[in-house]
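Residue indices begin at 1 and follow the sequence shown.
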Amino acid sequence: MKQVEHIGIAVKDLNISNDLFTKLLGVAPFKQEEVLSEGVITSFFQVGQTKIELLEGTHADSPIAKFIEKKGEGIHHIAFEVGNIYEEMDRLKNEGFTLLNEVPKDGADNKLVCFLHPKGTNAVLIELCQSKNSPV
């Protein structure tokens with residue numbers, strides 16, 4: 001794992017949270033996009049080398065909406081940039097971690113992503129991410 005790539009924060013209302021984080025961080029979001037496969041709209045802020053990703057569910061059955069219903073707004077996941085997502089998935093699986101998806105899937109910000117089950121990571125949802133432009 002190279003570095004923390006971003007911290008994902010589940011929010012009820014992206015517009016309100018964009019305003020809040022713009023005031024808090026002193027910068028506006030640099031990107032907003034919808035990830036249909038996850039039922040989410042994301043907004044990204046750059047803070048030094050790390051990004052903050054705000055996530056709003058687009059429907060009641062989305063993972064983010066379910067998370068907020070169960071736990072409320074707050075930190076949803078920590079994402080780590082990896083050099084080769086396939087190798088890292090194999091390594092972690094061999095170490096006994098449970099992958100929530102067996103193959104990388106398309107994520108926000110032009111990334112391939114895979115999540116680790118939080119039951120094996122001290123209740124923290126971990127995301128592995130690799131830029132689609134990186135050689136595999």
Side-chain angles (χ1 to χ4, degrees):
M1 295 194 194
K2 293 182 175 185
Q3 66 181 10
V4 172
E5 206 279 340
H6 68 268
I7 298 170
I9 301 173
V11 301
K12 291 180 183 177
D13 186 310
L14 196 57
N15 291 326
I16 291 171
S17 295
N18 274 338
D19 289 344
L20 174 87
F21 276 83
T22 296
K23 290 175 189 173
L24 176 69
L25 302 172
V27 296
F30 70 87
K31 176 187 244 184
Q32 186 167 315
E33 70 179 282
E34 184 171 4
V35 182
L36 293 173
S37 64
E38 296 297 314
V40 69
I41 298 174
T42 66
S43 186
F44 283 93
F45 292 81
Q46 186 75 45
V47 183
Q49 296 297 314
T50 304
K51 292 179 235 164
I52 302 296
E53 177 188 32
L54 303 182
L55 305 111
E56 177 187 351
T58 57
H59 53 81
D61 289 339
S62 73
I64 293 299
K66 289 179 181 179
F67 176 89
I68 291 172
E69 183 179 308
K70 184 177 179 182
K71 297 183 178 187
E73 292 181 294
I75 293 178
H76 179 260
H77 66 272
I78 300 174
F80 291 94
E81 179 183 348
V82 298
N84 184 312
I85 197 165
Y86 297 95
E87 289 178 1
E88 195 63 14
M89 289 170 68
D90 286 343
R91 182 185 78 80
L92 292 168
K93 194 172 183 177
N94 289 332
E95 290 287 347
F97 293 94
T98 302
L99 306 178
L100 292 179
N101 47 297
E102 291 296 319
V103 295
K105 57 185 177 176
D106 291 338
D109 200 26
N110 198 36
K111 302 280 191 264
L112 290 174
V113 301
C114 174
F115 290 91
L116 303 180
H117 200 292
K119 288 184 180 176
T121 56
N122 287 353
V124 177
L125 182 62
I126 300 294
E127 176 184 358
L128 308 176
C129 60
Q130 176 186 331
S131 174
K132 290 181 186 177
N133 299 329
S134 296
V136 178

Between Ala79 and Cys129 the two heavy atoms that sit nearest each other are CB-SG, 4.3 Å
Glu5 side chain reached by Val113 side chain, heavy atoms, under 4.5 Å
no
To the nearest 0.5 Å, what is the distance between CD (Glu53) and NZ (Lys31)?
10.0 Å
Atom CG of Leu25 and atom CG of Leu20: how far apart are they, to the nearest 0.5 Å?
8.5 Å
Check: Asp109 and Lys51 side chains under 4.5 Å, non-hydrogen atoms
yes
Is there a donor-acceptor pair under 3.5 Å between the side chain of Glu88 and the backbone N or O of Gly83?
no
Could you check if a side-chain atom of His117 sits within less than 4.5 angstrom of a side-chain atom of Leu99, using non-hydrogen atoms only?
no
Does the side chain of Thr58 reach to within under 4.5 Å of the side chain of Ile64, using non-hydrogen atoms?
no
Restricting to pairs with a member in residues 6-27, which pass ring-ring contact (aromatic ring centres under 6.0 Å, His included), not counting sequence neighbours?
His6-Phe44, His6-His77
Could you check if a side-chain atom of Gln130 sits within less than 4.5 angstrom of a side-chain atom of Pro104, using non-hydrogen atoms only?
no
OG of Ser17 to CG of Leu55: how many Å apart, nearest 0.5 Å?
10.5 Å
Is any NZ, NE, NH1 or NH2 atom of the basic residue among Glu69 and Lys66 found under 4.0 Å from an Asp or Glu carboxylate oxygen of the other?
no
Are Phe115 and Ile126 packed together at the side-chain level, in the sense that at least one heavy-atom pair is separated by less than 4.5 angstrom?
no
Is there a continuous path of hydrophobic side-chain contacts, each under 4.5 Å between heavy atoms, that joins Leu128 to Ile78?
yes
Ignoring hydrogens, what is the shortest heavy-atom contact between Met89 and Asn101? Give both atom names and the distance.
CE-O, 3.5 Å
Report yes if the side chains of Ile41 and Glu33 come closer than 4.5 Å at any heavy-atom pair, otherwise no.
no
Between Glu127 and Lys111, does any side-chain N to carboxylate O distance fall below 4.0 Å?
no
Are Leu54 and Val4 co-members of a hydrophobic cluster defined by side-chain heavy atoms under 4.5 Å apart?
yes
Taking the side chain as every heavy atom from C-beta outward, state whether Cys114 and Ile85 have any atom pair closer than 4.5 Å.
yes
Does Ser131 reach the main-chain N or O of Asn133 with its side chain, forming a donor-acceptor pair under 3.5 Å?
yes
Determine whether Leu24 and Ile16 fall in the same hydrophobic cluster, where Ile, Leu, Val, Met, Phe, Trp and Tyr are linked whenever their side-chain heavy atoms lie under 4.5 Å apart.
no
